[in-house]
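Quick notes on the structure that follows.
Because only heavy atoms are used, hydrogens play no part in the values below, and waters and symmetry mates are left out as well, while side chains stay in. By convention here, the first residue in the shown sequence is residue 1.
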Amino acid sequence: LHFSTEQVQFNLVPGNFTVTRPWQLHKVGNPKVTVGKLFWFIIDVGVRQPHQLWKWPDWIILSEDDLDYLTLILRQTDAQVWKSGKKIQECFRAIGACLDS
C-alpha cells in the first residue's frame, strides 16, 4: 500500500502504522489504493499547528505522564511510518475481528 507525505513515499507492509499530524499533507495510494485491509482512526487533539497546546480527548485512558511523553514524541519527531510491536498488532487484529462480526 502506497503512502506518501510532501517529501517521502512509503510502501506500507503488514505491521506498519502511520502517524500524521494535522499540518502534514499526506495521501494513501499512488494514485489508487491497492487491495488490502486498512484501519484508520483520527484522534483530534485540538491543534492545527505544531506550536499549539495539545488537548487529548477524555476517552484516552493513559496517565498524565504517559500522555505528556506521547505528546513529546509525536511533536518532536518527523517519523510518519512506524513498525508496530506484537501487542499493537494484536490490538488491531481484535479491532478487525470486531468490525468483521
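Proximity of a side-chain donor or acceptor of N11 to a complementary backbone N or O of L1 within less than 3.5 Å is detected. With hydrogens and angles ignored, the 3.5 Å screen pairs a side-chain donor or acceptor of Q52 with a backbone N or O of R48.
Between the side chains of Q9 and H2, at least one donor N or O lies within less than 3.5 Å of an accepting N or O. A side-chain N or O of S84 and one of Q89 form a donor-acceptor pair less than 3.5 Å apart.
Between R21 and T77, the shortest heavy-atom contact is NH2-O, 3.2 Å.
Under a 4.5 Å side-chain heavy-atom criterion applied to ILVMFWY residues, the cluster that includes V35 comprises that residue alone. Applying the under-4.5 Å side-chain rule to Ile, Leu, Val, Met, Phe, Trp and Tyr, the cluster around L70 extends to F17, V19, W23, F39, F41, I43, V45, V47, W54, W56, W59, I60, L62, L67, Y69, I73, L74, W82, I88, F92, I95, L99.
Counting only heavy atoms from C-beta outward, the side chains of Q80 and T18 never approach each other to under 4.5 Å. Annotation: side chain of Q24 is not in contact with side chain of T5 (no heavy-atom distance under 4.5 Å).
Within the model, atoms CG of D78 and CD of Q7 stand 8.5 Å from one another, a figure rounded to the nearest 0.5 Å. For the atom pair CG of L38 and CZ of F3, the computed distance is 10.0 Å after rounding to the nearest 0.5 Å.
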query = Stepwise, does the side chain to side chain contact (heavy atoms under 4.5 Å, CB included) test hold for K37 with D100?
reply = CA-CA 11 Å; K37 188 174 270 193; D100 285 340; 3.0 Å; yes
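At a threshold of 4.5 Å between side-chain heavy atoms, the hydrophobic network of Ile, Leu, Val, Met, Phe, Trp and Tyr places W40 and F10 in one connected group.
The environment of K32 atom NZ is sparse: at most 12 non-hydrogen atoms of other residues, nucleotides or ligands sit within 6.0 angstrom.
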